[in-house]
Every structure is written in structure tokens, then in C-alpha cells.
Chemist: 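I have a structure I would like to understand better, so I am pasting it below and will then ask my questions one at a time.
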Amino acid sequence: MTDRPDRFVDDAPFDPTASALDLERADLDAPGWVLVWRKFRTHKLGLISGLFIAFSYIMLPFWGFVAPYGPNERNEEYLYASPQKIRLFHEGEFIGPFIYPVTAEANLTTFQWEFVPDTDNPAPLRWFCEGTPYKLAGFIPSDTHLFCPAEGTTVFVWGSDRLGRDVFSRILYGAQLSLTVGLIGILVSFSLGIFFGSIAGYFGGGIDWVINRVIEILRSLPELPLWLALSAAVPSNWGPVAVFFIISIILGILDWPGLARSVRAKFLSLREEEYVRAAEMMGAKPGRVIGRHLLPNFASHLIASATLSIPAMILGETALSFLGLGLRAPAVSWGVMLNDAQNLASIEIYPWTALPMVPIIVVVLAFNFLGDGLRDSLDPYQD
Amino acid sequence: MTPLLTVENLEIGFGREQSVVRDVSFEVPRGETLALVGESGSGKTITCRSVLRILPRSAQVRSGRITFNGRDGVVELSKLTERQMRHVRGDAISMIFQEPMRSLSPLHRIGNQVSEVLWIHRGASEREARRDVLREFERVGFADPERVYRSYPFELSGGMRQRAMIAMAMVAKPDLLIADEPTTALDVTTQAQVLGLIKTLQKDTGMSVILVTHDLGVVANMAEHVVVMHRGRVMEKGDARPILSDPTHPYTQQLFAAAPEIPTVDEPAPEVESNDPILTMRDVNKTYRLRASVAWKPDMLARAVRGVDLALERGKTLAIVGESGSGKTTLAKIALGAEKPDPGGEVLFRPSAGGEPVVVNQMTREERTEFQKNAQMVFQDPYSSLSPRMRVQDALTEPLEIHGIGSGSERRDKAAALIEQVGLKSDMLKRFPHAFSGGQRQRLSIARALMLDPVLLVCDEPTSALDVSVQEQILSLLEEIRDRHKLSYLFISHDLAVVARIADEVAVMRAGIVVEQAPAETLFFDPRHPYTKALIAAQPEPDVNRPIDLATVARGAGAPSDWPEAFRFGEDDFPALTTMSPGHKVRQHV
């Protein structure tokens, strides 16, 4: 403290020139995606969901290896077989994973097939065994499975359906179509949405007016009947793959207006930013302004809204297939499987036929959590 | 007498990081004003908010004691429960915020928002509250309290909204008013009036005031005591008069040196000769069409700029000064060809001395490309003028890339050279703009504007978003660059004191019209127009012996229809510019 009686003066050394060249926020000195990642990392639910989704997609080509049966492999002896438990202990003794073989017996009072386990003869599972041939990743022929039942027995982890097909294996195979239909749909919807949204938002005026009216017309159409009409128009003699593509494109075509609107709104606010005006003053052409300045600055928003619309696509496919208008057998998807569970009576007696709902719920929730997490970490420049 | 508020050894921090407020102590005596002075990041706002305990969620008060000796006896504010605290807020201690735009709810009528204070703290009936509120409205200077009571915030101007905020803070007759930069967002004439109002109210009610500000001029006009803060610590504190007349701490001295002042001029400057104008605006008008309030009524016309004739001499600086809404930014856009003037107007640009002029409002595509190389702009907000996703280097080389000038390595060399010229280091090229402070970013955007070697630079309030000391540095940089590159500036500002040091000629605008135009010295030596006089009088200066002359401000700051007879103008007819002396033109009836 100094000797002035009328005031307090700080006596720590003070260097007036010190701060001119310092970085004020060295912590923000990184590309945008690094900052987003740093913030996203702290969002536990989103992070776990993201890992789960990444795992699901990475495994898609390899489900054939994990599934003990092929997607359309029938076991005529075991229609509507109830789920079999994989056990580890037989009569108090550890003997590794095994099942009790079941035999079907007709119950003459209820007129149902009953599956009676033979608890005296445990049948251990075989590992890396030969089974139904399948194609790994769609093109490498293979017949090795992770596990198979012992000779002469079955392993229906989640039961079998009305044709005696293994529900567990079908759910794994179904993931291949159900999860990818969303991606293709999103691709279509994003290309359309970004294209129309950005020209409407950037140029404004007449183009904006026309695009907005088209969006309003598209949004005023009742969605479900339109889906139905469009998919009913798909020729019934087309193969399952062609139908799959058409379905995902239909989902995409109907989904873009919402996205175009949010792109347009974001453009309208971003183009008031001074860096955009600066680029225009420098003589940048519209394509450059959109590509170099506007899109990079809301790419993260786009990714977040993509993650939030994929579940809608998955649900859309499920709904269509459930109604019998989407994918058709022999293609396997979760919606096609649920088509079998339309009958209330059969759900009551064979509840495991409705099991494909579980992966749908889990995947849709995971996508929503991931999208929420991304959205929360989008603006890394805030404090 | 015990002080009203005592803050002892306050320490506040965020998360696990170092404290942003360290060892701050001060006292607020009864009936007097204490000013917390500092730049952005100095911790002054956090300090004053900690009194009311309205800190951001992640902030923690690490130590310290805040004692309030108000109407209910001595209480330690930091120990009260949240429930007891609610009784203090808005009642014994109230607060005015910086943004009058955002501190009133847009959905409720002003009267209801202000009455709410009385309903909550006094349990007043609607009728009593209304009576008190109307009386308060009258005191803060509303001509028609009834109308204000019924209006929504968007119907009022910024100054009026701030008055309503003050009424809201005052209606419960607090012991202590905390004003957090109450006038920073306002025009200088409105600022003078609002400051005057706070002072009058204080005299009437005997309350104490904590005034948070970055402007030493405001301090000199308002405060009895000063606390100067820098990076969370108190640099100097004591009575205002001795500190302002003889600052001791180097930081206070630095603030003083940087504070903009209206210069005292002994004689008028000679006329700026017009031999080689680089930019000429002739009869420029700009009318915007606004959608009428009802669909079936004809559109309304908003006249942003009316009858402007200006010429910018090569190598000189022409400043356009006016409050928000005076049309100065529209004029800048017209000068750069971003907007077209109404038919009949003309903007001529001569890239080289004696060369053929380009008509800016009728350029072909090739002419526009050429023009963009010659005329560039520096923007107001350093935080939004650089794209957050681009490295500094990409932002700087972009103009060259657009115009296809030079190879990649030439562009990078040029960027490196310019970044050194604006006072930064070339190793900053690889960084992202968000790491930089406001002043550094403004330097970057100046460097970007210089990349194309322009001859004309339009500066749109380049310093108004910056702290005073940084503002000083940026102005020096602009001057240096002008002389080195032989640039001409069209300088837009709302602040006469900023313009005073950089401009050769000044045009004062009001309601889209140039009301007075003169060389800078002449204007300060002999201001003629009441509005110019008001602008000069309203400028707060860090000199305790030169208080704001509110009478002069009031004469010139009103609507043009309230000006003295000789200067008055209405919606459509306005007097012509009259030459008073060579180069000095005033819009008045002769």
C-alpha cells in the first residue's frame, strides 16, 4: 500500500503493455469439432448412446456370424417354440453354456403344441461350428457361426415364429435393413432439405416464397395415407432390395420439408452475421458464401438434427412394414417381423413374436439421447 | 455514520479455476454514489451482482462478507436464506441492467411489470400500486404516465425503456440502487439525460448508488467515490475528486489517457479543399417500404436518408456522426454499393487521382469486382466479423482467393506481413478467432480489409464495441495505417469524441439528414446547430469540473420539430444547408 492518505493504491507490480499480445481464451483455440467433442464428452447419456449406436452399425455386416440360424431357415418341428434358456449349471454342477433339448408335444385339451424340456440330458452349445451358409458382409461366403446347438437339438434364445424361424437370428438380420433404411432416407432428405433450404434462405424473395409454399403444401398432406399410397404404387414383382431402396427414398422425400425450414431459418439469422456480410463485400459469390461460411457454421446443427430424424425414419419403415406395405418377405426387417405379431391372440399366446419392438425402442431412444447430447454441445463458444 | 453497504475481502471464482474477483473490499456511504470502474473482464459486474446474489450458476463466492445496514438493521447478505434474500431484492436493494431491451418482459404491459414490485413487497392492492407507479413515472420524466402504463416495452425507445427500468427500480424506494452500465447501450444524449435523472432521484430520496461503468467520464459526473478494478483486483480506490484530478496507479492513468475527449479548439480550421474527391455522393436519398400495420392499408415509407451531398477527399477522413437510426449506416452501405440509393441519387468513386469515376450505384459485374478490390469495410462487432470455423490465415487469405490474386504461398506471405502490421504476431495465423480478445479481433478484421490493397476504407463504428483503452489503440492503428497506405476513410460513429481525433471533416446526421458539416476543428470551435451542441454537451468527460450541461442537451436532443424556429424541420420539408463560413455548413432557415 502506498502512503496516500486519501486513497488505496494497489502496489503489486503492473505492466501496462502485458496484455496486448496474450490470447484471451487460449482454451477456445481449436477447430469447432474439437470444441464440440470436448463438451459432448461430458454428456454421459449421449456418449453411451453414441457408443452403442456405433457398435450396432459396426456389427451390421457380422450379424450372420453371431446368429445361430439363417434369417429364413425353417424348423417345421418347432412352430412357435417358446424361448429356451441358456444355462450354466446342471444339477448344481458347472458344465458351461448348455440348453435342455425340447420336444414338441400336442396338448389335447388346449390343442396347443407344448415344448417340454428334457432336463436329464443337457446339450452343451458348440462354438465356432458349421451351420447354415451365409455371406459375411454380404459377399464373403462362410458357414461358421459363433455358436450352434448340439446335433439334433435347437437353440431358440427368443423363441421361434409361426414358421419355426428363430426370432433371435431374425432380429439380428432385421437390424441390417431397419438401421440402414434410416441412413439412406436421411441422405435423400438432407440433400433435398439443405439444397432448397439454403437457396430459400440465402436468396430470399420469389424463390423463397415458392419454396415455402411447396413446403406448406407437402406438410399439409396427411402423412400416413400418402406413405401408403406411394408404397402401394411400388410394383409387387420388384425384388426386396429394390423395394427397400424405394421405401427409403419415399421416407426421405416426405421428410425434407421440416429440415429445409430449419436450414432456411438458420440461414436467415446467420447471413446477418458480419463475417457473411464481409465475405459478400469482398466479392464472394453466393456458392462460396454458402459453402465456405454458412454451411460450416451450422454443420453441427445439421448433424444433430440428422441424429434426431433417423429414429423417425426407422419408425416410419417399421410402420409401413407392419402394415404390410413396406418391405416384404423374404426381406427381414423389424417391421416385417412385427407384421407377424398383428394378431392380438397370437401375441397373447406367443408374446415373444412381439420382441422386435425391444430393439426398435432401444435404438430409437439411443438416437434421441445422442441427438440431445449433440445439440447441447453445439455451441462450443458459449461459456 | 456507518456505511450502508460494506464489502470485505470478496473472492469469487468459476469452477476450479483461479478466482476472477480477488480480495475486493469497499464501502458505500449513505446517500452517496460509488463507481466501480473497469474494462470488460475486470470483475466489476460479478462484484456488484454478488451483492444481490444473482451470480451465474457456476460461480462460487469463495470468501468475503457483505454487510448491509439498511432499513431492517444490520444484515449479512451472504448469510441470508434464499427466501430472506427475496425480500431484499427489489425492495431494499434494486438493480438496473445494461440492456433495457432485454430486461423488460415483452409480453407484459410496462405498468404491470412495475406494479409487480409493489404487489410483491408491499402487498399493495392494484389501485394503490397503480397510483404509486403513475407518480413514479411522472418523476422519471414521462410526459404521459397513463400511456406508458398501458404500453408494451417494444412501443418505447431505448431511453424510455431505461426510464421505465429506473421507475421499476425506484418504485419501492430502495436504500441502494445498483446500476450496471445503465447507459452503455444508449445514445450519448440519452445517456446524459438518464444520468441526470438518476442523480436527481438520488437527491430526492437519499438512496445510495453503486454505478458500474467503464467510462471515467460517467464517473466524473456521477460519483463521490471510485473503485478502479482490473483483472479482478482493486487497483485504486478512494474519493472521486482527488483520484480523478491526480490518478496514482499506472492503470488508472492509462484509463485516463485513453478516455476520449472533445478537444478544446482555439481557432477554426481552414476549409477542406475539394480538388480530388475519391468518393462523391450527390443527392442521395433512401426510402424503405414498410408493411403497413393492417393488410389493406397502403405500405408506409421510411425515409432513412434524405438529400445527402458529401464528398470525401483523397487521403482524408470524413466522419459521419449520428445517433442510432440517424441513417449513417445506410449511408455507408450506399457508399459501398451494398444498397442502391433512390433514383436520382448518384455515388461516384475515383480509384486513382484524376481517373475516370465509377458510378457505384450502376456498376457492371466487372466494375463491381474491380470496385470491391478498391473499397473495403471494417465492421462494428469484432465478435461476429470473423467466421468462427475458419483459421485466421484462411480468413485473411480469403479476399485474395476470391479475386484469384497470387499463389498460395504469396497469399500466406501477405497475410503474415499484414498481421505484423496491425500489431499481432505471424504465429497467430494458425489460430482460431475465438481465442482472441475483442481488440485483437478488430485488428484481424482491419488486416483482412487491407489484404486487397484498397484505397477507400469504410469504418462502421469500428471501436464502439471495445473498451476505452483498446479503442484508443485501434484508433491509433487506423491513423497509422491511413498514413502508411495513403488510404481515405469514411468513418461512421455515434461518438463525437472518437471522431475528434481521426476525422478531417465531420458531418452530423439526425433523422436521415445532415444537419451540420464542417472540418473537425471548426465544428468543435463553433458548433452552430442545437443538435451538434447537444452532442458536445452530452459527452461525459473525466473532469469533475466540467459536468454535463443538461440544459443544452435538452434543447438539441428532442425531435427536429421541437428545435428552435430557425432549425426546425418536419416530415417532408427541411431547410437547405447554409454556408456559415468556408467549409462550415448548417441546415437552418435564413
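The sequence lines fix the lettering, A, B, ..., with proteins before strands; numbering per chain opens at 1. Keep in mind that what you see is a predicted model, and the values were worked out from it rather than measured.
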Chemist: Picking from B:Ser469, B:Gly238, B:Ser384, B:Pro56, which has the most non-hydrogen pairs under 4.5 angstrom with chain A?
Modeler: B:Ser384
Chemist: Only pairs of heavy atoms separated by less than 4.5 Å count here; which of B:Arg368, B:Arg448, B:Arg391 has the most with chain A?
Modeler: B:Arg448
Chemist: Excluding sequence neighbours, so at least two apart, what forms salt bridge (charged side-chain N to carboxylate O under 4.0 Å, His left out) with B:Arg22?
Modeler: none
Chemist: Which atoms of A:Glu280 are under 4.5 Å from chain B, going by heavy atoms: the side chain, the backbone, both sets, or neither?
Modeler: backbone
Chemist: Taking every non-hydrogen pair under 4.5 Å, which of B:Ile243, B:Thr369, B:Asp239 racks up the most with chain A?
Modeler: B:Ile243
Chemist: Do NZ/NE/NH1/NH2 and the carboxylate oxygens of A:Arg213 and A:Glu216 come within less than 4.0 Å?
Modeler: yes
Chemist: Heavy-atom distance under 4.5 Å to chain A: side chain of B:His403, backbone, both or neither?
Modeler: side chain
Chemist: Partners of A:Ser262 by side chain to side chain donor-acceptor pair (under 3.5 Å), sequence neighbours excluded?
Modeler: none
Chemist: Checking heavy atoms, do the side chain of B:Phe14, its backbone, both or neither come under 4.5 Å from chain A?
Modeler: neither
Chemist: Of B:Asp460, B:Ile492, B:Leu490, which is the lone residue that meets side chain to side chain contact (heavy atoms under 4.5 Å, CB included) with B:Met377?
Modeler: B:Asp460
Chemist: Do the rings of A:Phe298 and A:His301 sit parallel, tilted or perpendicular, given the 30° and 60° boundaries?
Modeler: tilted
Chemist: Side chain, backbone, both or neither: which part of B:Gln253 has a non-hydrogen atom closer than 4.5 Å to chain A?
Modeler: neither
Chemist: Within the 3.5 Å criterion, strictly below it, is a donor on B:Gln254 or B:His230 matched to an acceptor on the partner's side chain?
Modeler: no
Chemist: When heavy-atom pairs shorter than 4.5 Å are enumerated against chain A, which of B:Glu401, B:Glu398, B:Met451 gives the highest number?
Modeler: B:Glu398
Chemist: So which part of B:Asp246 gets closer than 4.5 Å to some heavy atom of chain A, the side chain, the backbone, both or neither?
Modeler: both
Chemist: How about B:Phe379 and A:Tyr275: are their ring centroids closer than 6.0 Å?
Modeler: no
